[in-house]
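First the structure, in the form of structure tokens, and then the observations on it.
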Number of protein chains: 2
Amino acid sequence: MKTAAIFYHAGCPVCVEAENQVADALDPARYDVEHVHLGEQSGRIAAAEAAGVKSVPALVIGGTAFHINFGAPMSALKG
Amino acid sequence: MKTAAIFYHAGCPVCVEAENQVADALDPARYDVEHVHLGEQSGRIAAAEAAGVKSVPALVIGGTAFHINFGAPMSALKG
């Protein structure tokens with residue numbers, strides 16, 4: 001069974017770079033990578049925060065949050 | 001030809017987690033991942049900084065530096 005990975009972003013330049021270079025670099029044979037734009041899917045913010053996400057871009061792999069560089073804090077994504 | 005990726009770390013807990021969950025998750029069919037312990041290989045610090053690495057753990061993919069969470073600043077690794 002593949003490991004679930006969620007890449008959280010907000011469409012910012014730092015996010016796009018991390019998406020193209022890190023999230024898309026994961027081994028597709030071992031990981032199912034879902035991409036979530038928190039600016040457009042604010043209903044997913046609570047789950048991201050519960051997983052430990054404090055800023056975007058972030059990659060949650062197997063339940064652990066990894067912040068990749070820094071684009072925007074979660075607070076900036078809340079309406 | 002595979003893309004070169006270098007995972008820079010210093011053996012810290014945050015580094016080990018990033019190594020096990022992110023660096024080792026890269027697709028081996030597309031990336032050649034080298035692991036460099038900057039605490040033991042201080043001769044590699046200059047090249048890491050030139051690539052934009054400011055703290056460890058960090059992953060340099062195709063010449064671009066991605067800082068993954070925060071373990072230690074580069075200054076802590078210099079004798």
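Bear in mind that the values here come from a model prediction, so they are computed numbers and not experimental data. Note: hydrogens, waters and symmetry copies are ignored here, and every other heavy atom, side chains too, is used.
Counting only residues at least two apart or on different chains, the disulfide bond (SG atoms under 2.5 Å apart) pairs with a member in residues 4-40 of chain A are A:Cys12-A:Cys15.
A:Asp27 places no side-chain N or O within donor-acceptor distance of the main-chain N or O of B:Leu26, the cut-off being under 3.5 Å.
Following chains of ILVMFWY side-chain contacts shorter than 4.5 Å, one cannot reach B:Val60 starting from B:Ile68, and the two form parts of different hydrophobic clusters. Under the 4.5 Å side-chain heavy-atom criterion for Ile, Leu, Val, Met, Phe, Trp and Tyr, B:Val36 and B:Val56 are members of the same hydrophobic cluster. In terms of hydrophobic clustering, with Ile, Leu, Val, Met, Phe, Trp and Tyr side chains grouped at heavy-atom distances under 4.5 Å, A:Leu77 and A:Val53 are assigned to a common cluster.
Heavy atoms from other residues, nucleotides or ligands lying under 6.0 Å from NZ of A:Lys54 number 12 at most.
With a 4.5 Å cut-off on non-hydrogen atoms, B:Phe66 touches chain A through its backbone and its side chain both. Within the 4.5 angstrom heavy-atom criterion, only backbone atoms of A:Ala65 (N, CA, C, O) approach chain B.
Between A:Arg30 and B:Pro28, the shortest heavy-atom distance links the atoms NH2-CD, 4.1 Å.
Here CD of B:Gln21 is found 6.0 Å from CD1 of A:Ile61. Values are rounded to the nearest 0.5 Å.
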